[in-house]
Amino acid sequence: MAEKNEAMNANFVENIIDGDLKSGKYVPEEIHTRFPPEPNGYLHIGHAKSICLNFGLARKFGGKCNLRFDDTNPTKEDTEYVDSIQEDVKWLGFTWDDRKFYASDYFEKLYGYAVELIKRGKAFVCDLSADEIRATRGTLTEPGQESPFRNRSVEENLDLFARMKAGEFPDGSHVLRAKIDMASPNITMRDPVLYRIARTTHHRTGDAWCIYPMYDFAHPLSDAIEDITHSVCTLEFEDHRPLYDWLLESLGFDAKRPHQYEFARLNLTNTVMSKRKLRQLVEGGYVSGWDDPRMPTISGLRRRGYTAASIRDFCERIGVAKSNSLVDVAMLEHCVREDLNENADRVMAVLEPLKVVITNYPEGQTEYLVAENHPTRGGHRYVPFSREIYIEQEDFMEDPPKKFFRLKPGGEVRLKHAYIIKCEEAVKDEAGNIVELRCTYDPDSKSGGAAAGRKVKGTLHWVEAKTAIKAEVRLYDYLLMTDENGNVPDDFLAHLNPDSLRVLKNALIEPSVRYAAEGTRYQFLRKGYFCVDKDTTPDHLVFNEVVGLKDTWGKVKG
RNA sequence: UGGGGUAUAGCCAAGUUGGUCAAGGCACGGGACUUUGACUCCCGCAUUCGUUGGUUCGAGUCCAACUACCCCAGCCA
């Protein structure tokens with residue numbers, strides 16, 4: 001299925017690792033990456049790209065990939081998220097074995113490194129307020145000014161830092177800063193803050209600490225502690241690489257220390273990807289939750305019916321590079337279609353039913369017709385057929401355009417797995433709406449029968465009236481509308497698609513799916529792929545549309 | 001007259017040290033097949049690699065200048 005990518009091109013990170021292997025810097029087993037989410041939100045398809053890259057690299061080279069929660073900011077983090085993140089990574093098909101770590105595991109060691117940095121004269125405690133630090137940082141074009149506390153003695157810094165840790169100072173009164181260069185053109189290097197005081201209960205360390213390391217300090221050291229060789233992150237951290245290197249070198253890590261490499265994050269058409277915007281959609285009630293099937297979250301895609309394999313395949317196909325890009329969501333859809341075409345059983349469901357009475361079919365008779373479950377993988381089931389059936393409303397037109405291969409007055413059409421029928425009459429109500437079709441069937445045209453060879457142009461799906469199961473079917477369209485370039489404008493809430501969800505309460509489905517388990521995926525013949533939703537109960541089936549079938553006719557008729 | 005990045009078809013994206021190199025996928029168009037207008041299968045889709053110069057027998061690949069876009073002034077990550 002979706003994993004036949006041996007021929008895929010290597011991305012630039014693989015090339016770098018290849019180089020490190022060829023130069024003898026590392027042997028394959030040493031290649032070590034990590035996926036470092038902050039547990040402050042749900043994972044989305046953009047994270048999937050990073051997960052596939054990091055775990056994929058380790059798998060490809062025979063190394064390891066750690067799962068590491070970057071939990072250095074207790075004000076935003078919660079165990080709710082660490083649980084969902086683990087579930088999502090596992091579901092995507094990756095394992096960290098016994099290598100689940102937390103930056104908070106290293107708080108003690110990190111503190112030690114900070115002390116060492118002070119001893120080496122490369123960090124100092126600064127008493128400036130946040131506002132003062134900001135005011136003295138300079139601008140993009142002007143250098144900053146050195147803090148008046150920059151030249152404190154090592155002893156004084158050690159004492160102050162210990163007292164920060166001991167809780168002697170109020171939040172915000174002191175920070176530990178690296179002593180680098182206030183005139184650096186790279187703002188990240190202008191004596192960056194390494195530790196801040198925050199009396200917040202941490203989801204894992206509780207109230208043990210009142211000082212917490214900043215990402216820039218914790219990340220490179222966590223990487224080093226775990227023997228990470230290739231620390232892959234997104235483009236916006238490119239400016240931080242000099243600091244990453246400075247810290248490791250200042251603390252004396254050797255030539256095999258970790259190195260940071262950056263790639264472009266994923267952008268998708270018709271989608272927003274930032275945690276902030278996704279949160280707005282959830283909290284504003286625009287969607288039903290983080291796992292709303294229209295959300296680009298892993299949990300949303302999973303509920304929608306996307307397979308893990310199709311998401312992995314997608315991540316493989318889009319590649320990994322350094323240029324900002326916007327991937328057409330059609331690529332993602334293509335990946336599920338390909339997977340489900342191969343792996344989903346076919347079944348017949350009529351989404352918007354129109355009753356058909358076959359007038360020359362014996363009243364009270366029911367026959368069970370053989371129906372293949374899959375065109376190439378085989379398997380079969382029996383579907384009931386009798387005098388009254390339902391077809392799709394859109395499959396009948398009283399006055400159709402040219403090339404309409406479906407039912408029309410006097411026209412013939414094949415019923416999949418069954419007979420050829422001919423439309424004799426369209427029955428209307430007082431308002432002129434077509435409410436029922438009266439047809440005749442050709443008994444010799446039975447599917448698989450001796451005289452089944454007769455060809456008619458169209459083939460329709462259908463369900464038998466008495467045995468059909470009523471179901472709720474949820475049809476989806478893109479949550480957001482885009483401009484001509486495929487971009488969702490910044491005021492995305494003004495571009496919500498009002499028709500992103502359509503609920504059909506009167507769909508009718510063949511009886512074979514009555515006991516389908518949550519998560520089961522089918523192809524509803526001629527319509528698309530559908531997945532049993534978790535809202536399903538023993539007497540109420542609910543399906544989500546995963547993705548529609550490609551529809552050439554839809555394009556023709558416009 | 002801050003720094004860091006990126007520019008190859010509508011969208012992703014390959015192009016090792018310059019020499020049939022303009023891969024592949026998505027989308028799109030045409031055709032074949034079809035008891036899913038699906039699938040599958042053919043065929044088409046950049047004389048051109050952001051621009052302009054230059055080096056060279058030869059440049060997407062080297063040099064120069066220019067242009068466009070993205071990121072950075074959290075005690076967020």
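Order of the sequence lines fixes the chain letters, A, B, ..., with proteins taken first and strands second; residue numbering starts at 1 for each chain.
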Centroid-centroid distance, F524(A) to F543(A), less than 6.0 Å: yes
R196(A) side chain near C76(B) phosphate (N/O to OP1/OP2, under 4.0 Å): yes
Look at all strands and tell whether N15(A) reaches a base, only sugar-phosphate, or nothing, counting heavy atoms closer than 4.0 Å. sugar-phosphate
What's F524(A) touching, base or sugar-phosphate or nothing? Going by heavy atoms closer than 4.0 Å. nothing
Look at the side-chain N and O atoms of S325(A) and state whether any lies under 4.0 Å from the OP1 or OP2 oxygen of A13(B). yes
Salt-bridge criterion met for R381(A) and E372(A) (N-O under 4.0 Å): no
How close or far is atom P of A7(B) from atom CZ of F12(A), stated in whole angstroms? 11 Å
Measure the distance from CD on E316(A) to P on G24(B) and round it to the nearest whole Å. 18 Å
What is the distance from CE of M331(A) to C1' of G24(B), rounded to the nearest Å? 10 Å
Whether T141(A) contacts U1(B) is assessed here as follows: a side-chain N or O lying under 4.0 Å from the phosphate OP1 or OP2. Is that the case? no
For residues E464(A) and Y368(A), is any side-chain donor paired with an opposing acceptor at under 3.5 Å? no
Partner of I391(A) under side chain to side chain contact (heavy atoms under 4.5 Å, CB included), picked from V463(A), L354(A), V413(A), is L354(A)
Is I133(A) touching bases, backbone alone, or none of the nucleic acid, heavy atoms closer than 4.0 Å? base
For A130(A), report the nucleic acid contact type (base, sugar-phosphate, nothing); a contact means any heavy atom under 4.0 Å. base
For R414(A), answer base if it contacts any base atom (sugar-phosphate contacts may also be present), sugar-phosphate if it contacts only those atoms, and nothing otherwise; contact means non-hydrogen atoms under 4.0 Å. base
Please state the C1' separation for the pair A13(B) and C21(B) - nearest whole angstrom. 15 Å
Not counting sequence neighbours, list each pair that qualifies as a side-chain hydrogen bond (donor to acceptor under 3.5 Å, both in side chains) and has a residue in residues 449-461 of chain A. E392(A)-H461(A), E412(A)-R454(A), D442(A)-R454(A), H461(A)-R526(A)
Heavy-atom nearest nucleotide on RNA chain B for M214(A) versus G449(A): which residue maps closer to 5'? G449(A)
Under the 3.5 Å Watson-Crick or G-U criterion, the dot-bracket string of RNA chain B, with | for inter-strand pairs: .((((((..(((......[....))).(((((.......))))).....(((((..]....))))))))))).....
Taking atom P of C12(B) as reference, at what distance in whole Å does atom NZ of K322(A) sit? 18 Å
Using a heavy-atom cut-off of under 4.0 Å over every strand shown, decide if Y212(A) touches base, sugar-phosphate, or nothing. nothing
Establish, with yes or no, whether the OP1 or OP2 oxygen of U35(B) is under 4.0 angstrom from a side-chain nitrogen or oxygen of K455(A). yes
Distance below 4.0 Å between R337(A) side-chain N/O and U40(B) OP1 or OP2: no
OP1 or OP2 of A38(B) under 4.0 Å from side-chain N/O of R346(A): no
Rounded P spacing from U40(B) to U47(B) in Å: 29 Å
Among G25(B), C75(B), A73(B), which nucleotide sits nearest the side chain of L140(A)? A73(B)
Can you see if the side chain of R134(A) gets near the phosphate of G74(B) - specifically, an N or O under 4.0 Å from OP1 or OP2? yes
Please compare V327(A) and H174(A) by the position of their nearest nucleotide in RNA chain B and report the one closer to 5'. V327(A)
Suppose we call a contact any N or O donor and acceptor under 3.5 Å apart; does that hold for the side chain of D239(A) and the base of G3(B)? yes
Checking all strands, does V175(A) fall into the base, sugar-phosphate, or nothing category for heavy-atom contacts under 4.0 angstrom? base
Less than 3.5 Å between a donor and an acceptor, one on the side chain of R241(A) and one on the base of G4(B), is that the case here? no
Verify the neighbour count for atom NZ of K275(A): are there more than 12 heavy atoms of other residues, nucleotides or ligands below 6.0 Å? yes
Calculate the interatomic distance between N487(A) atom CG and C69(B) atom P; express it in whole Å. 14 Å
Centroid-to-centroid, Y522(A) to F530(A), below 6.0 Å? no
Can a side chain N or O of T72(A) be found less than 4.0 Å away from OP1 or OP2 on A77(B)? yes
Identify whether any heavy atom of K527(A) sits under 4.0 Å from a base atom; if not, whether one sits that close to sugar-phosphate; answer base, sugar-phosphate or nothing. nothing
Applying a 4.0 Å non-hydrogen cut-off, can you work out what E142(A) is touching in the nucleic acid: base, sugar-phosphate, or nothing? nothing
Ignoring hydrogens and angles, tell me if any N or O in the side chain of E316(A) forms a donor-acceptor pair with the backbone of D313(A) under 3.5 Å. no
Tell me whether the side-chain N or O atoms of R526(A) pair up with the base of U36(B) as donor and acceptor below 3.5 Å, since no angle test is needed here. no
With rounding to whole Å, what would you report as the distance between A27(B) and C39(B) at their P atoms? 9 Å
Starting from C1' on U35(B), measure out to CZ on R406(A) and report it in whole angstrom. 15 Å
From F161(A), Y113(A), Y215(A), F107(A), residue fulfilling ring pair (Phe, Tyr, Trp, His ring centres under 6.0 Å) relative to Y195(A): F161(A)
Nucleotide nearest D328(A) when distance is taken to its side chain, options C28(B), C11(B), A13(B): C11(B)
Closer than 4.0 Å, any side-chain N/O of K555(A) to the OP1 or OP2 of C28(B)? yes
Would you classify K416(A) as touching base, sugar-phosphate or nothing, given that sugar-phosphate means primed atoms plus P, OP1 and OP2, and contacts are heavy atoms under 4.0 Å? base
Give a yes or no on whether the ring-centroid distance for F385(A) and Y361(A) is below 6.0 angstrom. yes
Between A38(B) and U6(B), how far is it from one P atom to the other, in whole Å? 42 Å
Ignoring hydrogens and angles, answer whether the base of A23(B) and the side-chain atoms of N9(A) contain a donor-acceptor pair closer than 3.5 Å. yes
NA contact type, G448(A), heavy-atom cut-off 4.0 Å: base, sugar-phosphate, or nothing? base
From the set U36(B), A38(B), G37(B), return the single nucleotide nearest to any side-chain atom of P375(A). U36(B)
Round to the nearest Å and state the distance from N324(A) atom CG to C69(B) atom P. 13 Å
Look at the side-chain N and O atoms of H417(A) and state whether any lies under 4.0 Å from the OP1 or OP2 oxygen of U35(B). no
Whole Å only: how far is the CE atom of M348(A) from the P atom of U35(B)? 16 Å
Would you call the rings of H47(A) and H44(A) parallel, tilted or perpendicular, taking 30° and 60° as the class edges? tilted
Regarding L128(A), tell me which of base, sugar-phosphate or nothing describes its non-hydrogen contacts under 4.0 Å with the strands shown. base
I'd like to check, for Y215(A), whether its ring lies over the base of A77(B) with centroids under 5.5 Å apart and a plane angle smaller than 30°. no
Rounded to whole angstrom, note down the C1' distance from G60(B) over to A23(B). 14 Å
Is the closest basic N to carboxylate O distance between K555(A) and D551(A) below 4.0 Å? no
So H240(A), base contact, sugar-phosphate only, or nothing? Heavy-atom distance under 4.0 Å. base
C1' atoms of G50(B) and G30(B), separation to the nearest Å: 33 Å
V320(A) near the nucleic acid: base, sugar-phosphate alone, or nothing, with a heavy-atom cut-off under 4.0 Å? sugar-phosphate
